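Report on one structure; see the data block that follows.
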Number of protein chains: 2
Amino acid sequence: MSGIKDIAKKTGLSLATISRVLNNSTLVSEKTKSIVLNAAQALDYQPNLTAAALRSGKSKIIGIIVPEINNPFFSSIINGIEQYVGKNGYSIIIAQSHESKKKERHAIQSFVKLNVDGILVSISKESNDFSFLDKLKQEKIPIVFFDRKPQIDNIKEVVFDDYYGAFMATEHLIQQGGNHLIHIAGDLNLSLYKDRKRGFQAAMERYQKSYAENHVLELKKNSAQDTQILKDHIQKNNVDSIFVNGDEDCIYVLNIIKSLGYKIPRDIRLVGFGNLSISTLVQPPISTIDQRAEDMGMVAAKTILQSLDEKQPTSFKEVLSPKLLIRESSKVISS
Amino acid sequence: MSGIKDIAKKTGLSLATISRVLNNSTLVSEKTKSIVLNAAQALDYQPNLTAAALRSGKSKIIGIIVPEINNPFFSSIINGIEQYVGKNGYSIIIAQSHESKKKERHAIQSFVKLNVDGILVSISKESNDFSFLDKLKQEKIPIVFFDRKPQIDNIKEVVFDDYYGAFMATEHLIQQGGNHLIHIAGDLNLSLYKDRKRGFQAAMERYQKSYAENHVLELKKNSAQDTQILKDHIQKNNVDSIFVNGDEDCIYVLNIIKSLGYKIPRDIRLVGFGNLSISTLVQPPISTIDQRAEDMGMVAAKTILQSLDEKQPTSFKEVLSPKLLIRESSKVISS
DNA sequence: GAACATAATGTAAACGTTTACATTATATTT
DNA sequence: AAATATAATGTAAACGTTTACATTATGTTC
């Protein structure tokens, strides 16, 4: 493990020159450049990023906060982020909020202490206080929200078009002949689940299907009571199509429907959300909305890297558009 | 954002004393301790971990390398690691090898440059050259392998008892009345899949079931040819029990079996491996071996933290024992 | 070839801590 | 109360880079 000093010693050049070569400054001749690089190679030079970070104020680290890392949606986003920032010489450091705003704040604190150059965050369900934004602005640490974001202005966000995704899913179910649709909603504290619900409602109205609040069910998994409510609702109202807020819940619903003796897609059609890998593993494979998690990660990464050399913070919004994947669970069988 | 200097200025004490208080050294009086802590609070002191890392050589960061972050097994392990090290004031930094030994080496290099205090790694399928261990020893950076490890001596490892897990699974299938068992193997380049295969074989022999190499199938998913081989084998040999190397593959097999018209568990019984959350989402829920991923993460984390203040590197091995989870897919129906 | 511009290199301070060593204050022993 | 031990604090260097500023070498213009 040799440092910049060793190279200086070996080449007889000054520390400044070595540093300039290693950071490919233009203020250096081609000749010395190659001398230095050769020496660096020969000595197996390993830069000490900590020292560089201390002096320059740039750590080359991007901090990421997600609710849960073992949620395939988030881990795919992280995948996308890592891919993009890795190419640009940055490392990522990950923290989980576990849906707790306390842990979220704590993670941000840690990131500041570690001198991260930027922060990417998908907020927890609990989050309602965003005063940390002021602090980050003070410290000049840019922050980009992805997927889950606070409902405030002047932020940078890359989100998914949940509204339109839900609209497409619902529209598709209607076009397959659906007349009695319901929507299984997610946690309505999060704006994105609200958007999905709105998209459902909009499609219902667009196609003149009667819409009432009881066409939307919030269901707590593993709650026998909620399960019963769902079963009753399906049977009493001749439900023929269900749009579910997420693939996991969708599989849960799928199993309930099967247990009632209905055939999918013959009797009831189903569309999920998220395109998790499990969605193709069940029988029948479920139609779903692809959220392009990796793309989201890459866009978020690109956005944060661009923000790094911004003098004045600007706001930014990118909305990724949904893709409907039609699989067995919603295909009306052509007799 | 105030630093140690600001506290010194405010309290009139020297930098050394402040630092001592903040690192709870014993060499400081209770009185000054409280003075300093109050001042720190009042000034909203935020330690600069980069500076501390540079001077002390301790970054308070643990590097983790996994093949894929969006593999639920690994993300659960990471969960366990983060939980444990987080409690001890450490952060984690994550890199993915994507099963490439080149990326793996690159990640290790990055970690060294970032001055991580320790490294946790689950090696890629490609890995065969472990010369980086010498370098790390030189740099005095401890390394702990989890789940996937090189087959060499004098390392620290926390692994799972794949052999016994496979044995238990197979034994269970036999006890449920299985006579014609097969095993769908994973990538036999990895020792853990070899161990699972060995466990299967051992159980077969232990219970005097005829065992031949063609009772083990390596199947590439999405290969029509392999799928056909599997189908043929099941039908020709009256297979009644299948032990599959992992839950995902198991669901794949489950769907094939269903498509052949067999009933599970009536005609064929199935056990997977890994206890992924999807294993309970399919119909019927599949029996599986729980790998206690979070535990593994915690043990690995504990091991690496303990290694930090070791003068001489020692070797270490912890083997986590399997838990058999019996679900529908392997329950013989009591007539 | 003098005068100037520009390119290339060098010097030394700085980043914010920790820590070896030195000093001073306090407690204990005689 | 002097002598000694111990506890508490201070001084200043160090960690390995980057970078503002200074200097020297090279090229260009007349």
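In what follows, chains are A, B, ... by sequence order, proteins preceding strands, each numbered from 1. Owing to the predicted nature of the structure, the values given are computational and were not obtained by experimental measurement.
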Look at all strands and tell whether [X] reaches a base, only sugar-phosphate, or nothing, counting heavy atoms closer than 4.0 Å.
X: B/Glu30; answer: nothing
X: A/Leu49; answer: nothing
X: A/Ala16; answer: base

Rounded to whole Å, please give me the gap between [atom1] in [X] and [atom2] in [N].
X: A/Asn23; N: D/dG16; atom1: CG; atom2: C1'; result: 13 Å
X: A/Leu15; N: C/dT11; atom1: CG; atom2: C1'; result: 10 Å
X: B/Asn48; N: D/dC15; atom1: CG; atom2: P; result: 18 Å
X: A/Leu54; N: D/dG16; atom1: CG; atom2: P; result: 12 Å
X: A/Lys5; N: D/dT18; atom1: NZ; atom2: C1'; result: 14 Å
X: B/Arg20; N: C/dT19; atom1: CZ; atom2: P; result: 11 Å
X: B/Asp6; N: C/dT17; atom1: CG; atom2: P; result: 8 Å
X: B/Ile18; N: D/dT11; atom1: CD1; atom2: P; result: 12 Å

Looking only at the side chains, is there a donor atom on one of [X] and [Y] sitting less than 3.5 Å from an acceptor on the other?
X: A/Ser127; Y: A/Ser124; result: yes
X: B/Gln306; Y: B/Lys156; result: no
X: A/Asn128; Y: A/Lys101; result: yes

Is [X] near enough to [N] that one of its side-chain N or O atoms lies under 4.0 angstrom from OP1 or OP2?
X: B/Ser19; N: C/dT17; result: no
X: A/Ser29; N: C/dT9; result: yes
X: A/Thr50; N: D/dT17; result: no
X: B/Ser14; N: D/dG10; result: yes
X: A/Ser56; N: C/dC15; result: no

Query raised in the report: Should B/Gln83 and B/Glu294 count as side-chain neighbours, where that means a heavy-atom distance under 4.5 Å?
Result: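 A side-chain contact under 4.5 Å exists here.
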Requested in this report: Assess whether one donor atom and one acceptor atom, taken from the side chain of B/Arg55 and the base of C/dT17, lie less than 3.5 Å apart.
Outcome: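 A donor-acceptor contact between them is absent.
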Query - Matching residue for B/His98 among B/Glu126, B/Glu104, B/Glu68 - test: side-chain hydrogen bond (donor to acceptor under 3.5 Å, both in side chains) - result: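 Of the listed options, the one satisfying the test is B/Glu68.
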